[in-house]
Amino acid sequence: MPVTLDRCAPGEKLRTSIFCGAVEVPLLIVRGARPGPVLALTAAVHGDEYEGVRAIFEVFEELDAAVLAGVLVAAPVANPPAFWAGTRMSPLDGANLARVFPGRADGTASEALAHGLGEQVIGGADFYLDLHSGGVGWTMPSMAGYDASDERSRAGAFAFGAPVIWGHPSTPPGRTVSFAKSRGIPFLYTEARGGARVHPDDLAMMKRGIRNLLRHIGAMAGELECSPLRAHLIGDGNIDESILAPADGFFTPAVRILDRVRRGDGAGRLLDIRGETIAELAAPRDGIVGLVRDCPMVHAGEPLLLVTSEA
């Protein structure tokens, strides 16, 4: 494990920090009384996503290190500059941290942050979980996403216990999870409804999922906490390939998350600030709505809607 654990004795917990370039990143470590696998967690890679932060705080408080086999290591606020700014992008360089992995030690602020997180947190894991949500701008299903090409990842998704799981046949470059994949580490990530709030159902899903993963990888005893599966989606899930806003405007969606649509169905309208229609938007394919822009004010090029398939 790349993180120095000497300061955390077996059977103990530790609140500490690491430096990734010039950025100090908080780190929480639960070191089990017995050797075992390492589960690495990150949250707030995008600074306006708060559900995972609280889930990590509460799981850290509740876990009993004496009964754990292995290590849970978590960066609850993986991108402090963006977190304190309340933004998806870093205020230091305007970069999306989830697009610059593996980064560079001598690169920009975000590249150095990505490099440090990769080498000191993610790279030594036996399983990796990145906790995301829709943030301020979007609504997404409460879900766990997995690598459809890796049976370990797929099995982890079913063990996690989210109401929706989403398998991705490919993993675009630059992500935390693409870094994990490059190291042969199975991964999951979450999404949730966002809105700059922590919905109690999403908090419960994430906490349950972390405990389930610890059981799944053999770090903690006990039965999985099961929940009904509402939908199993399949598709790349790359929000950069959503329907994009053709201009600045006010977006009024005509669909909701997990609605089933047919190609050509009306998906929403983009209005100017006099209320006149700039563009009528239509579903680009048959499928299920996996993302909707929630903040009505949009700029040209921002994702508005993503349609994926059902497995």
Side-chain angles (χ1 to χ4, degrees), residues 1-10 12-32 35-47 49 52-53 56 60 70-84 88-132 145 147 150 152-153 156 171-190 210 213-214 217 219:
M1 179 69 189
V3 175
T4 301
L5 298 178
D6 294 345
R7 291 169 291 171
C8 186
E12 299 290 342
K13 300 179 183 180
L14 178 68
R15 289 182 170 91
T16 185
S17 61
I18 56 174
F19 278 89
C20 302
V23 176
E24 185 175 4
V25 177
L27 204 67
L28 304 180
I29 301 170
V30 183
R31 187 174 181 183
V38 176
L39 176 63
L41 312 177
T42 53
V45 167
H46 295 131
E49 299 173 5
V53 179
I56 289 174
F60 178 80
V71 177
L72 182 143
V73 56
V77 178
N79 192 348
F83 176 82
W84 290 118
R88 180 176 174 84
M89 309 299 189
S90 173
L92 300 182
D93 54 16
N96 181 343
L97 179 59
R99 300 294 184 272
V100 300
F101 278 79
R104 295 186 300 127
D106 60 349
T108 65
S110 292
E111 288 173 338
L113 180 53
H115 180 270
L117 289 167
E119 296 301 325
Q120 298 184 69
V121 180
I122 303 170
D126 294 295
F127 206 106
Y128 170 57
L129 173 64
D130 192 11
L131 298 164
H132 284 267
D147 179 1
D150 187 340
R152 300 170 300 169
S153 178
T171 306
R175 274 65 169 175
T176 55
V177 294
S178 58
F179 175 82
K181 185 171 183 173
S182 75
R183 296 290 180 93
I185 301 166
F187 68 79
L188 295 178
Y189 74 93
T190 69
I210 293 168
L213 279 182
L214 287 169
I217 66 174

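Note that these values count all heavy atoms, side chains included, but never hydrogens, waters or copies made by symmetry. As the structure is a prediction and not an experimental result, all values here were calculated from the model.
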>> Below 30° counts as parallel, above 60° as perpendicular, anything between as tilted: where do the rings of Phe101 and Phe179 land?
In response: tilted

> Where is the tightest heavy-atom contact between Ser178 and Gly174, given as atom of each residue plus distance?
Replying inline: OG-N, 3.3 Å

> Can you tell me how far the OG1 atom of Thr42 sits from the CG atom of Asp130, to the nearest 0.5 Å?
Replying inline: 3.5 Å

> In Å, rounded to the nearest 0.5 Å, how long is the span from CZ of Arg175 to CG of Leu97?
Replying inline: 11.5 Å

> Which atoms form the tightest heavy-atom contact between Glu49 and Leu131, and what is the distance?
Replying inline: OE1-O, 4.5 Å

> Would you say the side-chain atoms of Ser153 pair up with the backbone N or O of Phe187, donor to acceptor, closer than 3.5 Å?
Replying inline: yes

>> Treating Asp126 as the side-chain partner and Val38 as the backbone partner, does any N or O pair qualify as donor plus acceptor under 3.5 Å?
In response: yes

> What pair of heavy atoms forms the shortest contact from Pro81 to Val23, and how long is it?
Replying inline: CD-CG1, 3.9 Å

> Which atom names give the shortest non-hydrogen contact between Ile185 and Arg152, and what distance separates them?
Replying inline: C-NH2, 4.4 Å

>> To check you understand the geometry: which heavy-atom pair defines the closest contact between Pro76 and Pro26, and what is its length?
In response: CD-O, 3.5 Å

> What heavy-atom pair brings Val25 and Cys20 nearest, and what distance separates the two atoms?
Replying inline: CG2-SG, 3.9 Å

> Nearest 0.5 Å, what's the CE-CG distance between Met89 and Asn96?
Replying inline: 4.5 Å

> Any side-chain heavy atom of Val121 within less than 4.5 Å of one from Tyr128?
Replying inline: no

> Is the shortest heavy-atom distance from the side chain of Leu213 to the side chain of Leu129 under 4.5 Å?
Replying inline: yes

>> Please report the interatomic distance CD1(Ile29) to CG(Leu72), rounded to the nearest 0.5 Å.
In response: 9.5 Å

>> What's the separation between atom NE2 in His132 and atom CZ in Arg88, rounded to the nearest 0.5 Å?
In response: 8.0 Å

> Between atom CD1 of Ile210 and atom OG1 of Thr190, what is the distance when rounded to the nearest 0.5 Å?
Replying inline: 8.5 Å

